[in-house]
There are 2 protein chains.
Amino acid sequence: MKDEQIDALAKILKSMSHPIRLKILCLLQNRELSVGDIRNQVETTNANISQHLNILRAQGIIEFRKEANFIYNRITDRRILDMITKMQKLFCPDHKE
Amino acid sequence: MKDEQIDALAKILKSMSHPIRLKILCLLQNRELSVGDIRNQVETTNANISQHLNILRAQGIIEFRKEANFIYNRITDRRILDMITKMQKLFCPDHKE
DNA sequence: CAGGTATTAAATTAAATGCTAAAATAATTT
DNA sequence: AAATTATTTTAGCATTTAATTTAATACCTG
């Protein structure tokens, strides 16, 4: 594994390694959600969620579409979805899909 | 996935998400290595590597055994090894095992 | 257009992280 | 015991990150 690949992967892991961002990714596993939807399931402010979403967007992990005054977010990178699935199997063996 | 599981997993990801630590984990994938061995493959100081190893140890990701005045490190958690393998397949498709 | 809702942006503060150099341990050899 | 090798620890500094507050933007409805 080349150093550049390691650096790129480290960046991805870093962007996933905050509890709020990891939870957001789990919530987005099977569906798309607005900031408000996420806000209802994560104990923090809208502004804070917006910041975390920005980090995930900058990393290219999630994309969004605009509808009315809602913004719906979804995971675009299949590899990220695969990683989340794998991690759930490894670290939460009782997880139901 | 419960919040406590998410928090625990976020910690693991965080400890893996530094380029030097991720590289150390890749180097330790198939073998155990001393600090000096690692030092020869990572461009930094012994002290710095020692610090990163401490973070990985505190997280329970690696263990070590002492022999003479060398300390040999290895990955103890099979789930971490599985994750690294999976990530290599996903993000470095040309990777030879 | 006025008022309301959803989201983002910017600025501030506090806390965590990472690196370096130097000193401290520990085991080994001479 | 002194010198050497391998590793760890500590302290200081600079950088980065996270959360909060406040202000701004965008879109809808009446």
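Reminder, nothing fancy here: chain letters follow the sequence lines and each chain counts from 1.
Not counting sequence neighbours, the partners of S34(A) by the side chain to side chain donor-acceptor pair (under 3.5 Å) test are D37(A). Residues passing the salt bridge (Lys or Arg N to Asp or Glu O under 4.0 Å) test with R79(B), sequence neighbours excluded: D77(B). Checked against side chain to side chain donor-acceptor pair (under 3.5 Å), T44(B) has the following partners two or more places apart in sequence or in another chain: N48(B). Partners of N54(A) under the side chain to side chain donor-acceptor pair (under 3.5 Å) rule, at least two apart in sequence or in another chain, do not exist in this structure. Scored by the side chain to side chain donor-acceptor pair (under 3.5 Å) test, S15(B) finds no partners at all (sequence neighbours excluded).
Apart from I71(B) itself, the hydrophobic cluster it occupies contains F64(B), where clustering links Ile, Leu, Val, Met, Phe, Trp and Tyr at side-chain heavy-atom distances under 4.5 Å.
Axis orientation changes by 20° from one end of the helix from dC1(C)-dG30(D) to dT30(C)-dA1(D) to the other, with each end axis drawn from 5 pairs and the value rounded to 10°.
For residues 61-74 of chain A, the side-chain hydrogen bond (donor to acceptor under 3.5 Å, both in side chains) pairs, not counting sequence neighbours, are E32(A)-R65(A), R57(A)-N73(A), R65(A)-E67(A). Contacts classified as side-chain hydrogen bond (donor to acceptor under 3.5 Å, both in side chains) and involving residues 1-13 of chain B (residues at least two apart or in different chains) are given here: K23(A)-D3(B). Listed by first and then second residue, the ring pair (Phe, Tyr, Trp, His ring centres under 6.0 Å) pairs involving residues 1-54 of chain A are H18(A)-H52(A) (not counting sequence neighbours).
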**Prompt:** Using a cut-off of 4.0 Å between protein heavy atoms and nucleotide atoms, how would you tag nucleotides 17-27 of chain D 5' to 3' with B, S and -?
**Reply:** SSBBB----SB
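Shown for residues 34-43 of chain B: no residue has heavy atoms falling under 4.0 angstrom of DNA chain C.
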